[in-house]
Structure formats: structure tokens, C-alpha cells
Amino acid sequence: MTKNEFLNRLDGALTGIAYQDRKDIIYDYEEHFTVGLEGGKTEEEIAASLGDPVTIARQFKADYMLKKAESKATTSNLFKAVFAVVGMGFFNLLIILPIFLPLWAAMIALIFSAFCVVLGGVAGFFASVGTPFFESIVTLPTYNTGANIFFCIGIIALGLLYLIGVISLGKLFYRGTMKYLKFNLKFIKDRGQQV
Amino acid sequence: MNIQFKKGVLELCVLSMLGKKDCYGYELVSEISKNISIAEGTIYPLLRRLKDEGYFTTYLQESSEGPPRKYYKLTELGKETKDELIKEWHTFVSGVNKIIKEDNDDDQERISEQA
């Protein structure tokens, strides 16, 4: 590998790192090549002893994402950090996915079902008062318009309560996820992340 | 040697070298790789992280041969950490040596018994 090939591969693998930081990183390796060349080594020799640029980039990325997640613990930053560290083969993706994917899927399904109950109530209400389109898609429980209207208002209220409940559950779950991710990051830091 | 172990020790090597004098990246990397077999490129991420954690600062200094070089200089925190790590290292090594030595003595006894 020549100097340019090495630097290009490294730069290409440093995606997600801010431009200024990336420039700093590349600068160090450029300097390394310069000094090595002055010492009489060839570009190929220097590149070979540096090692794989993609592996090097992974290490920079994991450190960078960890730092970002610590200074600003948003969900996105935390996830990025965890995934950057996972990318280094630190701990297995299998630990995270089986726990969080089904739980998040269940959470989304619950929120969706709450919306559906509310929508059903609204559709029933319009059907009860005789709006033509809704009459064709909703089967009403009784033939008494007044009873239908109150029944549908009841359904809407029930749906809204359900939605409020589900949303607070979602908030709780979100906080739980954040805590879990932070715990993981702390665990990684304590173990010393210099792999 | 185990890769995790080797990389843990690198931090100590870097801090200890900088304890003697300010160095530029290539100097640190080539000195370490001369003594410990490691992919040289992996030392720079370590340097960057240690700098972020406040163990040293960097400054540029002109070189006689080419463009200016980035030198690393230990901070107070870096010096304290270095001393601590070196102490820990010596305790660790002497502990391991003691165990290895006992093990060797046992082996020696077994060999002499067989003979």
C-alpha cells in the first residue's frame, strides 16, 4: 500500500467523525509517513508496519463515539457509541438485539393499537351521525343512533386513556433503554476501551 | 502475547517514555514497536484518547529536516498517573514472578524425583 492509498482508506473508514477531528487524525499519520520516509523507509514498509487502516479507524470511531455519548447523552449518541464499540467486536450485537428489538417492536405495536382504538371510535361516531363514507366501512353495534353515538364517544375516551397509558409506558421504557446503554458504556470504559 | 494485555501495557509505555522527555508520534511508535510487537498504527488512537483524557498536551516544533512535528508533553495528571501505573506494574510483575518461580520450583522437584 502506498501512503496515499493508506490515508485514503483510513479517511474513508472514519465516517461519522467530525471533519476537524478527521483532519487531525489524518495529520498524525501523514507526519508518521514523512518522518519514516526521512529515515529511509519506503511508503510500503511504513504502511505495512502501521497495520490495517480499517481496524485503526474502528478504534478511533469507538473512542470518538464514547466521548460524544458521555458529553451529550442523547439516544442517538448512545446508540452510535454502542454500535461503534460493537463494530470493534467488543461485545456481541447478540446481547443487545434479542432484548431490545422485540421490546421496542411490542412498544410500537401497543402505541399503534391505541391509535387504532381512537380511530375506530371516531369512525363509528361519524357513521352513527350518518356520514355516507363511514356508514359503508363501520358496522354499528345497535340501530339506535343515540346509543351508537354514546357508545363511540365511550370508545374514543377509552382509546385516549389507553394511548396516555401506553405513552407513559413508552417514556419509562425509553428511560430504561438509555440507562441500559449508559450502563454498557460505563462497563466498557471501566474495562478500558483501548482495544 | 495476549493482545488485550499488550494493549493495556501500551498506556504505561507511552506515559513512561513521555516522563523522560517530550516525544513526537513517530518516536513513540518506533520505540514501542522496537520492543513490543504490535501494529504501529494502533498507537495513535491511544495517543489521541490519552490526550483527550488530559494526560498530555501537544505542541508543534520545527524540525531540521522537514515540516514541524507534533510533540507530546505530560501534564501534572499524566505524571501522577504514570507514577501510579508504574507502581501497579511493579507490584503486578513481582506477584506474577513469585507465582511462576514457585511453579518452576515444583517442576524442578518433580524432575529431580523422577531422576
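Given the structure is predicted, the values throughout are model-derived calculations rather than measurements. Below, read A as the first sequence line, B as the second, and so on, with proteins coming before strands; counting in each chain starts at 1.
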Applying the 4.5 Å side-chain criterion to the ILVMFWY set and letting contacts propagate, would [X] and [Y] be lumped into a single cluster?
| X | Y | answer |
| --- | --- | --- |
| V35(A) | F33(A) | no |
| M107(A) | I167(A) | yes |
| L163(A) | L158(A) | no |
| L50(B) | Y26(B) | no |
| L77(B) | I86(B) | yes |

Quick check: does any side chain N or O of Y29(A) sit under 3.5 Å from a backbone N or O of G41(B), one acting as donor and the other as acceptor?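 Such a contact is found between Y29(A) side chain and G41(B) backbone.
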When you measure from the side chain of E40(B) to the backbone of G51(A), do you find a donor-acceptor pair of N or O atoms at a distance under 3.5 Å? no
When you check the gap from the basic side-chain N to the acidic O, do R48(B) and D63(A) get nearer than 4.0 Å? no
Exceeds 12 heavy-atom contacts within 6.0 angstrom, atom [atom1] of [X]:
| X | atom1 | result |
| --- | --- | --- |
| F151(A) | CZ | no |
| F173(A) | CZ | yes |
| F150(A) | CZ | no |

Segment of [X] engaging chain B (4.5 angstrom heavy-atom cut-off):
| X | value |
| --- | --- |
| F6(A) | neither |
| D21(A) | both |
| S49(A) | both |
| K61(A) | neither |

If you measure from [atom1] on [X] to [atom2] on [Y], what distance do you get to the nearest 0.5 Å?
| X | Y | atom1 | atom2 | result |
| --- | --- | --- | --- | --- |
| D28(A) | T58(B) | CG | OG1 | 8.5 Å |
| L50(A) | Y44(B) | CG | OH | 7.0 Å |
| L60(B) | Y27(A) | CG | OH | 5.0 Å |

Identify which part of R69(B) has an atom lying under 4.5 Å from any heavy atom of chain A, answering side chain, backbone, both or neither. both
Over all atoms of both residues, closest heavy-atom pair of [X] and [Y]:
| X | Y | answer |
| --- | --- | --- |
| T42(B) | I56(A) | N-CG1, 4.4 Å |
| V29(B) | H32(A) | CG1-CE1, 3.6 Å |
| E31(A) | P68(B) | OE1-O, 3.9 Å |

